[in-house]
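Please read these numbers as outputs of a predicted model, since none were measured by experiment.
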Amino acid sequence: MLPIDAAAHSSRWRRRHPVDKAVLGLGLTVLAISLPPWPGAALVLVTALAVLLGPAGVPARRLWRAYRVPLGFCVTGAATLLVQVGGPEGFVSLADDGGSRAGELLLRTSAASLGVLLFAFTTPMSDLLPRLVRAGVPAPVVDVALVTYRMSFLLLDSVRRIRDAQAARLGHTSRAAEWRSLAGLGATAFVRAFDRATRLQAGLAGRGYDGTLRVLVPEAKVSVRFTAASCALLATLAALTLVLKGALS
């Protein structure tokens, strides 16, 4: 199980309906994209971080381990705005207002990423995917997503076991051994993935699979109080951004 999925299953908000958490997390993401980067995205970033570490109860170390990957993409994307290709100053030169545009993009993307992580750290996929059928998503699409989600964990576990076995047999002692081990890892993982898929298909056929995977979903009701508080928080952030934007301009 991935760390972010394990955190979602042990979250304080685990028993809340996904709609409650979607209104808050995805609402923060929408605000980060639509509001002015300063101070709007900065306020969203601080709010999302406070909610994650506070009411949601996400450990700071686990949050950083998950956040550093999208943050790296955010920094890489923002860095490209610092330079321009071509022009009178040479083939590659510093872009006009590149620093401000890069900072705005970094604020937007990093704040939006925290909004998505707020939803991911509090909502297991096993709670979300089965409910998508009630939202109008075709059942076969949800079934494929559920099977893919399950198979991905099995494949990652197989890769880990193969790497441990290779390391125990001195398969990583040199560069040549690393390449041989990598080739063997890819080949073995490929064969095991097809073997597990075949066994899964045979198991479903033996259980009378009729095109729909039926799973038990924990009972949960949409909390009007939680949703209203989330909407009030989002509205407050939007209003505070407009007020501060007018005061700073």
Consider only side-chain heavy atoms of I, L, V, M, F, W and Y, link residues closer than 4.5 Å, and tell whether [X] and [Y] are in one cluster.
| X | Y | answer |
| --- | --- | --- |
| Leu117 | Leu234 | yes |
| Leu240 | Leu114 | yes |
| Val116 | Val23 | no |

Taking all atoms of both residues into account, what is the closest heavy-atom pair of [X] and [Y], and its distance?
| X | Y | answer |
| --- | --- | --- |
| Leu155 | Ala189 | CD1-O, 3.9 Å |
| Thr173 | Leu170 | OG1-O, 3.3 Å |
| Ala50 | Pro55 | O-CD, 3.6 Å |
| Ala112 | Ile33 | CB-CG1, 4.3 Å |
| Arg14 | Lys21 | O-NZ, 4.0 Å |
| Val44 | Ala111 | CG1-CB, 4.2 Å |

Report the C-alpha distance between Leu81 and Glu104 in whole Å, list the side-chain angles of each, state the deciding distance to 0.1 Å, and finish with yes or no for side chain to side chain contact (heavy atoms under 4.5 Å, CB included).
-> CA-CA 10 Å; Leu81 298 179; Glu104 291 176 356; over 6 Å; no
Counting only N and O atoms by type, is there a donor-acceptor contact under 3.5 Å from the side chain of [X] to the main-chain atoms of [Y]?
| X | Y | result |
| --- | --- | --- |
| Arg108 | Leu35 | yes |
| Thr241 | Pro39 | no |
| Arg12 | Ala56 | no |
| Ser110 | Leu107 | yes |
| Ser181 | Gly171 | yes |
| Arg169 | Ala165 | yes |
| Thr80 | Gly77 | yes |
| Ser11 | Ala7 | no |

Side chains of [X] and [Y], heavy atoms from C-beta outward: is any pair under 4.5 Å?
| X | Y | answer |
| --- | --- | --- |
| Leu244 | Leu43 | yes |
| Leu185 | Gln166 | yes |
| Leu63 | Leu53 | yes |
| Asp20 | Ser230 | no |

Measure the acute angle between the ring planes of Phe190 and Phe194, then classify it against the limits of 30° and 60° as parallel, tilted or perpendicular.
->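 Answer is tilted, since the angle falls between 30° and 60°.
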Considering residues, nucleotides and ligands other than Arg225, do more than 12 of their heavy atoms fall under 6.0 Å from its CZ?
-> no
Of the options Thr123, Leu118, Val58, which is the one that meets Trp13 in a side chain to side chain contact (heavy atoms under 4.5 Å, CB included)?
-> Leu118
Let me see the working for Trp64 and Leu71 under side chain to side chain contact (heavy atoms under 4.5 Å, CB included), right down to the final yes or no.
-> CA-CA 10 Å; Trp64 168 245; Leu71 184 61; 3.9 Å; yes
Inspect the contact between Arg161 and Asp164 and indicate whether a charged nitrogen and a carboxylate oxygen are less than 4.0 angstrom apart.
->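 Salt bridge absent between Asp164 and Arg161.
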Apply side chain to side chain contact (heavy atoms under 4.5 Å, CB included) to the pair Leu24 and Phe226, showing each step before the final yes or no.
-> CA-CA 9 Å; Leu24 179 57; Phe226 186 91; 4.3 Å; yes
Hey, what do you get for CG (Leu237) to OG1 (Thr47), rounding to the nearest 0.5 Å?
->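 Those atoms lie 4.0 Å apart.
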CD1/Ile162 to OG1/Thr188 distance, rounded to the nearest 0.5 angstrom?
->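 The distance works out to 5.0 Å.
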Chi angles and distances behind the salt bridge (Lys or Arg N to Asp or Glu O under 4.0 Å) call for Arg160, Asp157 = CA-CA 5 Å; Arg160 181 186 59 81; Asp157 182 67; 2.9 Å; yes
